[in-house]
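Worth knowing before you read on, the calculation uses all heavy atoms, side chains too, and leaves out hydrogens, waters and symmetry mates.
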Protein chains: 2
Amino acid sequence: MRALVYDGQLRLVGDYPRPVPPPEEALVRLKLAGICNTDLEIVRGYMGFRGVLGHEFVGVVEECADGSLVGQRVVGEINCYCGECPTCRAGAPTHCANRTTLGIWGRDGAFADYLSLPVANLHTVPEAVSDEAAVFVEPLAAALEILEQVQVKPTDRVVVLGDGKLGLLVAQVLGLTGCDLVVGGRHEEKLAILQRRGIDARLADELPTEKADVVVDCTGHPSGFAAARGWVKPRGTLALKSTFHGNVEVNLSTLVVDEITLIGSRCGPFAPALRLLERGLVDVESLISATYPLDEGLAAFEQAQEKGTLKVLLEMG
Amino acid sequence: MRALVYDGQLRLVGDYPRPVPPPEEALVRLKLAGICNTDLEIVRGYMGFRGVLGHEFVGVVEECADGSLVGQRVVGEINCYCGECPTCRAGAPTHCANRTTLGIWGRDGAFADYLSLPVANLHTVPEAVSDEAAVFVEPLAAALEILEQVQVKPTDRVVVLGDGKLGLLVAQVLGLTGCDLVVGGRHEEKLAILQRRGIDARLADELPTEKADVVVDCTGHPSGFAAARGWVKPRGTLALKSTFHGNVEVNLSTLVVDEITLIGSRCGPFAPALRLLERGLVDVESLISATYPLDEGLAAFEQAQEKGTLKVLLEMG
C-alpha cells in the first residue's frame, strides 16, 4: 500500500506492507486524514518516532472479527492500551504506560491506504457528519478534554491564547459554556472564523486587560506560557495544550503566592466530539486550508508548515 | 517598644513606636512568635520588605473597640484585605490586590512587644491549646490549605518531600486523611518525629519507587520541583508549597502529555488548625528547636538559619 513514512526523512512509499490486524483489531481503509502540529513536530524530531505518520482520520472498516462493523465509517481513538496495568484499571487508559499511539509512538498511523486499530478504539460516524467534519473528531476531542479536567463556570472569565487549529477548536468548545470568553491570536483571517460565530476574538495586543479565571495556552510556543500566565487571576487555572521541544523558565514562587493551578491537557473523549459535530455546534470546515491526494503528501506537508495555514487534509481516494 | 526590624539589616530596636490601631483593628500584646523560612528569605531580600518581621504569633488583646475581646488570647490571620475589590468580593481575601501582610508586605509584624491587626483577622485560642502550640496555627493553616485545594482521597498514594517545619506539618495533616502516605526527607531526627506518630518517613533516597496521586513539594529549594515532579503519576497533582528567589526550568510538554496538575498553595484556614490542635491530632511541640527572649532575637535568627534547626521561638515575656 501507499504510506507517508518518516524514517529520519519524510518520504512517500509505494509498497509499504499493509497491516495485518491481530484478532482484537480492525483493518480500516482510510478516506481522509488531517495533518496536525504534532506531525510537524515529529518531522523535527519530537518523540523520536519512526513509521507511518498521521493520527487524525476517517475511514471504513474493511476487516474485523465483529462483522457488523465491516463497511461502517469510523474514527478512532489514538492511544492503544493494555487494559491490565494499574493506570488502565484506574480508568486512565490514555495514560497506560504500555500504550502505543497511532502515528506517534510505536504504531503506524493514518497517512496510508490502511491502518489497524483495536476495535475498542473505533467510533462509528453518524450519517449527518461529513468526512471533512469527522476528520476533526480527534482534535475536537482534545479541545473537550479541558472540560473533562476543569469546571468552566458560565460566569467565568476565560482567555484562550492562540488562533491555530487547536486554539480555534478550544475557543469554540469553551464558548458553548456561556462563559465570558475572549480569544487572542495573531492572524486576522483566523480570528474572523470565531468572530463569525459571535466569539470575541482579537489580536493578542488588543486584548482587554481584565484577568481571567481560566486561561488556555494553545499557542504551541514556549513563549506562550509567560503570556498565558500573565492573564491568570489569583486562584485561577492555566490549562496547557502546547507541546514543544525543550524547557521553559517558570517562576514557581509566584504560582505559590497566587495559588495558581496549572493543568496539562492532551487527548480527549470522542463521543461528545461526535455529538457536537452532529448537532453542528462547532464549525470545523472553515478550518480546512487545503486537501491533497495522498500521492502529493510531501507537498501537503510543505503547505502545512507555511505560516497562516490551518488544517491540511490528505485524501486517499 | 522593642522590635526586631529589617531595614536592609536585621537589628533589635529598643524604642520602635508602638502601633496605634485604627478603629477596626486591635492592639495585641505579644507572648510568643515563631521564626519562619519566609523571615529568613526576607532577610535575604525576598519581597523587598522593610519593617518589623514576624507573622506567626500568639498574644493577648490589649485594646479593641469590641470590649469582649480585651484580655483574650488570640492568633491572627496575616493577610489584611480591603473587602471591596472583586477578589475580596469573590471570596478570596487572602489574594486581595490591596492587601498588606503581617511582617511580609506593607505591615509591621510580630517580633515586637505589640502588633496591630484587624479584629476580623483574630481567632481566640481555646484554653486547651498552649502558647507553644498556638504559635503554630499559622503554618498549620498553610498545611491545611492543600486540603482546601486538592481532594486527597483515603485511597490515594501521597508523597511529601521535605522534612522542614512545613513538611512535618503537611505530612501530619495529610496523614489524617487515611491516605497511603510516605514522606521523604534528609534528616533522620526530623523524620523520627513523624515515625513516632506512625507515619512512613524515610530518607529521600530510600523512598519506594511507586508513583503517587498527590505529591507535595515542601523542600523550599528550586531543586525540589524536579524531584517532586518525578513522583507524580499521570493525571496526578503536584502541590507546591516552596517559595524561593528565582526561576526553575520546567518541561511543560511532559505536563501536557501526562496531564499533570500543578497547584500553588499558600495561606490557609485558621479555624480547622485550632480544632486539630485542640484535639491533639498534630504534634507541633516536637518541632520546637529553641526559645529565645526577644532581646536575643539576633541570636535566635542565627540559630534558625543553622542546618537541622526546626522552629525557633521568640518569647516577649
Side-chain angles (χ1 to χ4, degrees), chain A residues 41 46-47 86-87 90-92 94-97 99 101 104-105 142 145-146 148-150 155 157 210-211 213 217 220 222 224-226 228 233-268, chain B residues 41 46-47 86-87 90-92 94-97 99 101 104-105 142 145-146 148-150 155 157 210-211 213 217 220 222 224-226 228 233-268:
Chain A
E41 292 277 337
Y46 180 63
M47 298 297 289
T87 308
T94 59
H95 292 279
C96 170
R99 70 186 182 270
T101 305
I104 294 175
W105 182 254
E145 177 71 354
I146 296 167
E148 288 284 309
Q149 301 174 287
V150 180
T155 51
R157 169 109 180 134
E210 194 196 333
K211 296 195 176 195
D213 303 286
D217 172 25
F225 177 78
K233 273 184 190 170
R235 291 230 177 116
T237 297
L238 170 46
L240 306 175
K241 290 300 281 186
S242 300
T243 50
F244 42 75
H245 189 70
N247 298 335
V248 171
E249 279 216 353
V250 179
N251 186 319
L252 294 175
S253 296
T254 72
L255 300 182
V256 173
V257 170
D258 290 342
E259 295 193 316
I260 301 296
T261 297
L262 293 193
I263 182 160
S265 177
R266 185 170 42 99
C267 297
Chain B
E41 292 279 337
Y46 180 65
M47 300 297 291
T87 307
T94 58
H95 291 278
C96 169
R99 71 185 180 271
T101 305
I104 295 176
W105 184 254
E145 178 71 353
I146 296 167
E148 288 286 305
Q149 300 173 288
V150 181
T155 51
R157 168 112 182 132
E210 193 195 336
K211 296 196 175 194
D213 303 284
D217 172 25
F225 177 77
K233 271 186 192 168
R235 291 230 175 116
T237 297
L238 170 47
L240 306 174
K241 291 302 283 187
S242 299
T243 51
F244 42 74
H245 189 70
N247 297 335
V248 171
E249 278 215 356
V250 179
N251 187 319
L252 294 175
S253 296
T254 71
L255 300 182
V256 172
V257 170
D258 290 342
E259 295 194 313
I260 302 297
T261 298
L262 293 192
I263 184 160
S265 178
R266 184 170 41 101
C267 297

key: Option that, when pairs with chain B are counted at under 4.5 Å, heavy atom only, ranks first among Glu259(A), Arg266(A), Lys233(A)   = Glu259(A)

Under 4.5 Å from a heavy atom of chain A, the part of Thr87(B) involved = neither

ask   = Considering only heavy atoms, which portion of Thr94(A) lies under 4.5 Å from any heavy atom of chain B: side chain, backbone, both, or neither?
value = side chain

message = Between Lys241(B) (side chain only) and Ile146(B) (backbone N and O only), is there a donor and an acceptor less than 3.5 Å apart?
response = no

query = Is there a donor-acceptor contact under 3.5 Å from the side chain of Asp217(A) to the main chain of Ala228(A)?
reply = no

ask   = Distance-only, no hydrogens or angles: does the Gln149(B) side chain make a donor-acceptor pair with backbone N or O of Gly264(B) under 3.5 Å?
value = yes

ask   = Below 4.5 Å, heavy atoms only, C-beta onward: do Phe244(A) and Asn251(B) meet side chain to side chain?
value = no

task = Check each of Leu238(B), Leu255(B), Thr237(B) against Thr261(B) using the side chain to side chain contact (heavy atoms under 4.5 Å, CB included) test, and report the only one that passes.
result = Thr237(B)

query = Quick one: of Pro86(B), Ser242(B), Ala90(B), Ala239(B), who has the most non-hydrogen atom pairs under 4.5 Å with chain A?
reply = Ser242(B)

Region of Leu240(B) in contact with chain A, defined by heavy-atom distances below 4.5 Å = both

